[in-house]
Amino acid sequence: MATLKAVRGTRDLLPPETELWNRVEATARGVFARYGFGEIRTPMFEATELFARGVGEETDIVSKEMYTWEDGERFDDKAFSEAWTNVQLNEKKSVLEEAHLLTDKLRKLGVQRIIGRRNPEKPEFVCFRFKATSEAIETLNKAKLALQTDHDFKYSADADYFRRFGPGLRLVVPAGSPKPRFDTGEVEIEEFPGNFFKSAQSLTLRPENTAGVVRAYIEHKMADTGMLQKLFYVGPQFRRERPQRGRYRQFWQIGAEVIGPASSGSESAVRDAEVLEMLSALLDELGVKGWRLALNSVGSATDRPRYIAALREALEPVKAQMCEDNQRRAETNPLRVLDSKDPNDQEIINALPKIADYLDEDSREHFEQVKDALDACGVPYVVEPRLVRGLDYYTRTTFEFTVPDGSGLGTQNALLGGGRYDGLSEMLGGPKAPGIGFAIGEDRLILTLQAQAKEAVVTKLDAFIAPMGVGQNAAALLLAKELRAAGLTVEVGDGAFRLKKSFEVADKLARRIVIVGEDEVASGMFTVKFFGTGEQTKVLRGELAGVLGG
RNA sequence: GCGGCUAUAGUUCAGUGGCAGAACGCCGCUCUGUGGCAGCGGAUGUCGUGGGUUCGAAACCCACUAGCCGCCCCA
């Protein structure tokens, strides 16, 4: 059997790397706590509709990158019967009566439909669905006799329904239904037109977390508290993209949202500035070097369509001169043209209308207030009129933090992104609840920290306890228990090791070794060797924790 | 989804048609209560998978799969 591996775009995080992940998350939690954020944990999957409405049907994320499946699927017996009856009428064939005599019994077994007919020229048409039990197989074999076939029904462990029942027969399955699988033999599968499966719900692994947070905000009527809600989350997100440096199909985001009714001040520029100031503090505390905050305003829900219309108009006469990508973008998503890095098109792009000129008075004032507050707090930023974000819900303030080349991210230099979403709650059927949020790409953050760190700091244990002979194992474990209770990090060896091996292992893991031999246990004086200096002393049992704690 | 590069020991890689290799790591010994340094010895492989060419394939050809990098897009 081929070795099983983590599926494409997913990966295992192992020690010691997970130590850094924990440090990052602990730092983020600490910063969030200081700014008054509480943790929210939303489900890893949601109704597909949430993302379609929240993130936007036409975005790349929703249109091609989501993991979506039909949940609670069940066979629609009634639709199938009706469709089958029509086939019968159309083909003027009679249903084999004997098979139908068993129908009630089959149904009790969970078989939802078995239909057969005799025709000397054509093989039987049969469709059935059941949970296979030995009793079910027996009944089906009786049905087989009624159908006058020579083939046994067989149980196959790898399918839930549509069991194989022999070569030379035709198995009719509803069109679009999961194809049955067969362990042996040739079976002709004929699609029976029509959708006979009712889907209870279409579900999707979350491609981002903002929509889920806002859904929870609405569902739990958090607006009714009248208070500003400050929520953060840490968790995996899922997008079916081609994996690349700093991009995975299961990736981690650390994010936060500030949301509330307008009366709570959620719309205020103070909130935007506070979030940005918090992020600058977080990145500094984590030790991210050279980060750059790009800031823009994409205007209100009414500014944006006006600007897009103006952009389309301005692009119309010049787009033929632009690169292929930009010609396509000009049609599908004119805002994206602004993102283009194609050197030949820069002149044209710079001449395009600026979003700043299409902001209404409120949006412009709002943006000014955000900038003023950032200036006051000493948070450096660069206004980038061309910064547009891909998700439909963004309004007004949008931002992105990037790190310089050589920070381990390749061309994926965006560490985190976010913005304001004043209309999202209403788009999801909730009350008016303006908000602002961001998501940090944790995988990218880790890559950056690893690339920027001078060298990985190997944290060594305080002590390695080396029993001399298996007879000392218990005594060594007891000593380890005492030292661990005193808060020390300790590993215990094995008395079966030769002392030389104990030293080798100890030197890799710990800063000191404590030898537990007969002499030591008897005298209560333990031999301690410090690997750094090579110094070796004897220490009383009661003083060990103090000596090793330093 | 598109394009480029890659796939050989635990790891990093060498090996352009003729015995499966190096370094590091691992295990053992020198050294039965002393690590690092040194010397000596040892183990470790479906050469990514499947097919083809050939007397002979890790190498050449084809397909597939996976990884990396870039595009698109995004965190």
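Residue numbers start from 1 in every chain, and the chains themselves are labelled A, B, ... in the order their sequence lines are given, proteins ahead of strands.
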**Study point:** Those residues that, when tested against R245(A), pass side chain to side chain donor-acceptor pair (under 3.5 Å) (two or more places apart)
**Key:** none
Study note, to complete from the structure: Sorted by number, residues from residues 518-531 of chain A placing a heavy atom under 4.0 Å from RNA chain B are D519(A), E520(A), T527(A), K529(A), F531(A)
Practice item. Hey, could you give me each pair passing ring pair (Phe, Tyr, Trp, His ring centres under 6.0 Å) that has a residue in residues 306-331 of chain A? Not counting sequence neighbours. Key: Y307(A)-Y358(A)
**Study point:** ring pair (Phe, Tyr, Trp, His ring centres under 6.0 Å) contacts touching residues 42-68 of chain A (sequence neighbours left out)
**Key:** F45(A)-W69(A)
Study note, to complete from the structure: So salt bridge (charged side-chain N to carboxylate O under 4.0 Å, His left out) across residues 411-421 of chain A, not counting sequence neighbours, yields D272(A)-R420(A), R420(A)-D422(A)
Review point. Going by the side chain to side chain donor-acceptor pair (under 3.5 Å) test, which pairs reach into residues 273-282 of chain A, not counting sequence neighbours?
Key: Y35(A)-E277(A), K230(A)-E274(A), R271(A)-E274(A)
Practice item. For Y393(A), check ring-ring contact (aromatic ring centres under 6.0 Å, His included) against everything at least two apart and list the hits. Key: Y421(A)
**Study point:** Set of residues satisfying ring-ring contact (aromatic ring centres under 6.0 Å, His included) with respect to F232(A), sequence neighbours excluded
**Key:** F32(A)
Check your understanding: For RNA chain B, which residues in residues 433-442 of chain A have a heavy atom at a distance below 4.0 Å?
Key -> A439(A), G441(A)
Check your understanding: Heavy-atom contacts under 4.0 Å between residues 247-258 of chain A and RNA chain B, which residues?
Key -> R247(A), Y248(A), F251(A), Q253(A)
Practice item. Hey, could you give me each pair passing ring pair (Phe, Tyr, Trp, His ring centres under 6.0 Å) that has a residue in residues 279-299 of chain A? Not counting sequence neighbours. Key: W291(A)-F401(A)
Point to revise | Listed partners of T68(A) passing side-chain contact (heavy atoms from CB on, under 4.5 Å), at least two apart | key: T48(A), M66(A), S202(A), T204(A)
